[in-house]
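What follows is one structure encoded as structure tokens, with my remarks underneath.
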Amino acid sequence: MKIDIVTLFPQVCTVPLGESIMGRAQKSGRLNLTVHDLRLSGLGSYRKCDDIPYGGGQGMVLRPEPVFDVVVPLQTPATRVVLMTPQGRRFDQKIAREFSQEEHLIILSGHYEGVDHRVVEGLVDDEISIGDYVLTNGSIAAVVFVDAVIRLVPGVLGDARSSADESFADNTQLLEAPAYTRPPDFQGMQVPEILLSGHHARIEEWKKEQALRRTRENRPDLVPGRDKNTFSQGEDET
Ligand code: ADE
């Protein structure tokens, strides 16, 4: 997949996406990544990219000219333009899977108090938020988005099973069971005996129970059959 990231902070993207599995995805050609420095298209000798908001308000807003200047020449009929913003649709595994089918993404990372809305109206296909919190730098959100999408591209994870079996895979809505490795005894804390037993059927059963228990504790909203609109006594409506 081809991805262009447009950002004022290229290093925030190139460094983490050059490491580990994303780095290997680039080397193998499965990810064709270019990070564009928006500053180079800024206005005047100061390369100005932002300005104060009309109508008042705090912070600075990204001007439309530098963004259009970088993005328009990169667009083809196959391109989808994504803006990272806390005002976007909340990102999840289903949306990651949807984007992993695309041929070409241009990802704009917003900054300061936002991006001139003519960018959203004239260029952007999808506004995406990575969660209900505000980062100081949308480029961090762009990295999270690219990692979650690219690991779903066939061949990026060595073992095809590894993205199918995990939490949030399409057919399971449970978190994963706890994992253990050597040593069997660490400072008096034992690996559950069942995992050392070699009984594959019982181990699978144990994993299912543990997955359900962990989901109930950490993410009750994901437990199958739970009606999200009803709350038992004493349970917070959050
Ligand atoms: N920029 C700042 N916060 C963000 C968020 N939660 N998601 C996407 N982009 C952002």
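Counting starts at 1 for both ligands and their atoms, in listed order. Given the structure is predicted, the values throughout are model-derived calculations rather than measurements.
Environment of CD in Glu103: sparse, with no more than 12 heavy atoms of neighbouring residues, nucleotides or ligands closer than 6.0 Å. No more than 12 heavy atoms of other residues, nucleotides or ligands sit less than 6.0 Å from atom CD of Glu193. Other residues, nucleotides and ligands contribute only 12 or fewer heavy atoms inside 6.0 Å of the NZ atom of Lys207. Applying the 6.0 Å contact sphere to OH of Tyr46 captures no more than 12 heavy atoms from other residues, nucleotides or ligands.
For atom 3 (N) of ligand 1, the nearest protein heavy atom (residue, atom name, distance) is Leu135 N, 3.0 Å. Remark: minimum distance from atom 9 (N) of ligand 1 to any protein heavy atom is reached at Thr85 N, 3.2 Å. Shortest contact from atom 10 (C) of ligand 1 to any protein heavy atom: Pro86 CD, 3.5 Å. In terms of protein heavy atoms, atom 6 (N) of ligand 1 is closest to Tyr133 O, 2.8 Å. Ile130 N, 3.0 Å is the protein heavy atom nearest to atom 7 (N) of ligand 1.
Listed by number with element, the atoms of ligand 1 under 4.0 angstrom from any heavy atom of Ala141 are 8 (C), 9 (N). Each of the following atoms of ligand 1 lies closer than 4.0 Å to a heavy atom of Val134: 3 (N). When each atom of ligand 1 is checked for a heavy atom of Met84 under 4.0 Å away, the hits are 8 (C), 9 (N).
Taking OG1 of Thr79 as the start and CG of Leu74 as the end, the distance is 8.0 Å to the nearest 0.5 Å. Between Leu38 atom CG and Ile5 atom CD1 the span is 13.0 Å, to the nearest 0.5 Å.
The shortest non-hydrogen separation linking Leu31 to Ile150 is CD1-CD1, 3.8 Å.
Classified by interplanar angle (parallel below 30°, tilted 30° to 60°, perpendicular above 60°), the ring pair Phe99/Phe145 is perpendicular.
Looking at Asp132 against ligand 1, nothing comes within 4.0 Å, counting heavy atoms.
In this structure, Gly110 falls outside the shell of residues with a heavy atom less than 4.0 angstrom from ligand 1.
The shortest N or O to N or O distance between Ile128 and ligand 1 is not under 3.5 Å. Close N/O approach between Asn137 and ligand 1 is not found [any backbone or side-chain N/O within under 3.5 Å].
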